[in-house]
Protein chains: 2
Amino acid sequence: MDLLNKTLSHIQPLNENAMQQARERLDSLLKPPGSLGRLEEIAVVMAGITGSGGGSLKKKTIIVMCADNGVTDEMVSSFPRAISALVAETMLGGISGVSVLARHAGAEIMVIDIGLEGDVSDGRIINRKIRRATGNIARGPAMDREEALRAIETGIELASSAIDRGADILGTGEIGIGNTTTASAVLHAFTGKNLDEIVGRGAGLSDEGLLHKKDVIRRAVELNRPDPDDGVDVLSRVGGFDIAGLAGCYLAAAARRKPIVIDGFIAGVAAVAAMKMAPAARDFMFASHASAEPGVSAISGVLGLAPMLALEMRLGEGTGCALAFHIIEAALKIMNEMGTFKDIGMEATAP
Amino acid sequence: MDLLNKTLSHIQPLNENAMQQARERLDSLLKPPGSLGRLEEIAVVMAGITGSGGGSLKKKTIIVMCADNGVTDEMVSSFPRAISALVAETMLGGISGVSVLARHAGAEIMVIDIGLEGDVSDGRIINRKIRRATGNIARGPAMDREEALRAIETGIELASSAIDRGADILGTGEIGIGNTTTASAVLHAFTGKNLDEIVGRGAGLSDEGLLHKKDVIRRAVELNRPDPDDGVDVLSRVGGFDIAGLAGCYLAAAARRKPIVIDGFIAGVAAVAAMKMAPAARDFMFASHASAEPGVSAISGVLGLAPMLALEMRLGEGTGCALAFHIIEAALKIMNEMGTFKDIGMEATAP
């Protein structure tokens, strides 16, 4: 069996028994039942993922998939394509947005060149280049099916290697000029949602630029006719190597029963793609923040996951994940460290 | 001049010059302008507060005001009043919700008995009891004007002492059965907002209990006729010692130019009271989370401050502040640690 199908076959539901025990523990703690809101929900899901309440996040890894997109030939971005490789190089130098926030969170970053057009000189960037940028989806498919499968399996392999090296939680990030365009096309293909609801200004388009971007996406989906019931087909026709690679990360996390945090819009679209391939994979995901990209609320609806942070960020790179790790750790500490009514000699006084 | 008026006279606006420099620095960093959203706004406000960009939060202190409320005689809470003192004692034992989250955030907690009915035996709880619980606001005023002034000045003194001991940021928390009732009455008195918009279930009321709670609040405001233009009057007639004490904390933070984080509903109502006494005090506040109490969105509207976290918490105690500290620190690290386009040899390519 190939790696993708093998991974899909390993994805099992959350452990209901562990979740029930976590709920009981939470209700015994020194607080009105449910009063820690979504921190309690997070603790319950973590129990369902790992099979036991509590635990800790000793090692946290953010996987950043970097790739370029041929569709930038259509002038859908306000930044030049060459900047992707430059930004990727700043990551391990510690001066990019996600570098700073990952350090703040005590997380490591894995940066992968999965399809940058240029070459990067920093040897710490993992070279798994499928090809130098995708095709221009306004003119033809982004990649062929075999390349899409390779990109997904690359994501599976790298997430698995992070878990092998001890990661207790994964985060998802990406770099790639033009990837809000490809991500919007993928989301549109999967959901049929109106482009006005899902297409945003990316790194900073004008009103006119936004109209043009929507037009390009509409044309790309009409031309390439992705099959919404076939995740690999959608990714290959209108996706990107970064999105396909991240979809693989979600599948690996679910198969290995590790939590994985969704960053913003592009990583969210990859999460939708993973859910299309394996509906149960969704249960291992946490949504970090409500990005300023409008498509993020559409993604939350499809996944049924609400974000934890309301910071109107739209940088990508995995920046939201780094901040969400602190919240998920807080939820685990509530389980591990809070006292119970019994500890202070009282019956639980649930109203 | 008395301490309250002296404090009010020291409150000055944010430093516009430092804010402008912070904006310029943020726009030079390796990201599309504005793409770190509210993290950037936080960094700018921090610059306006401290007078310089960057900086760090070496010492973080959450001030927890504990007091009981005579209005619990009206059966507005699902918990017995005696539990306030018990919960206060768990705080310094490290097993309450805020103890766990403060430890996670590297913050210290100051717990103050500003009006508990019972006595606490833990000597680490600071005894500044104004009186054993307020009067029942459904039958008369919560306290007299002199007691309200003492409670506010107690908050000023304690926040100042935390700052004297090195706190770079303050958080606000409270304990007190019945204090969502008094807080709702104060908010209703200040804003005239419909009680359906501002009164919630507190620690867990039934539908019937909620109707009764609204009725008690309506009667309390009608009976006591607080003057919405006089913050001290509103606090004394329908408030609580916890709310008045926290209002003093906000005033002291503003006078001493330190950031102060609002927890949930009760601490938010205290923030509104502080703003009524000194409009510029608002600029030194950060809203941490969108509490499950409905009044929090009314408070956000009055203060013009949006919360950072969407966790549907309603425990109080300062739990939201502890989580928000991590976000504010992240904003400062963005200022201090991110590289610029110039660092990588590029002109800033703002679109």
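Numbers restart at 1 for each chain; the letters A, B, ... are given by sequence-line order, proteins then strands.
- Expressed to the nearest 0.5 Å, how far OG of B:S96 lies from CE of A:M338 amounts to 6.5 Å.
- The most heavy-atom pairs under 4.5 Å with chain B, out of A:L39, A:T319, A:L29, come from A:L39.
- Counting heavy-atom neighbours within 6.0 Å of A:E208 CD, excluding the residue itself, gives a total of 12 or less.
- Counting heavy-atom pairs under 4.5 Å between each of B:S291, B:G94, B:P307, B:G34 and chain A puts B:G34 at the top.
- Heavy atoms of B:L101 lying under 4.5 Å from chain A belong exclusively to its side chain.
- The shortest side-chain heavy-atom distance between B:F341 and A:L86 does not fall under the 4.5 Å cut-off.
- Residues A:L311 and B:M308 share a closest heavy-atom pair of CD2-CB, 3.9 Å.
- For a residue to count as touching a neighbouring chain, one of its non-hydrogen atoms must lie under 4.5 Å from one of that chain's; by this rule B:E329 touches chain A with backbone and side chain alike.
- Applying the salt bridge (charged side-chain N to carboxylate O under 4.0 Å, His left out) definition to pairs two or more places apart or across chains, those involving residues 84-106 of chain B are A:E337-B:R103.
- A:L323 CG to B:L309 CG: the interatomic distance, rounded to the nearest 0.5 Å, is 9.5 Å.
- A distance-only check finds a donor-acceptor pair linking the side chain of B:H104 to the backbone of A:H326 [under 3.5 Å].
- Contact annotation for B:T90: only side-chain heavy atoms (C-beta onward) come within less than 4.5 Å of a heavy atom of chain A.
- We find the CG-CD1 distance between A:L315 and B:I334 to be 8.0 Å, quoted to the nearest 0.5 Å.
- Every residue two or more places apart in sequence or in another chain that forms a side chain to side chain contact (heavy atoms under 4.5 Å, CB included) with A:L92 is listed here: A:V111, A:D122, A:R124, A:I125.
- Rounding to the nearest 0.5 Å gives a distance of 8.5 Å between CZ of B:R314 and NZ of A:K31.
- For the set B:G93, B:G345, B:A330, the entry with the most heavy-atom pairs within less than 4.5 Å of chain A is B:A330.
- Heavy atoms only, all atoms of each residue included: A:R38 and B:A310 are closest at NH1-O, 2.8 Å.
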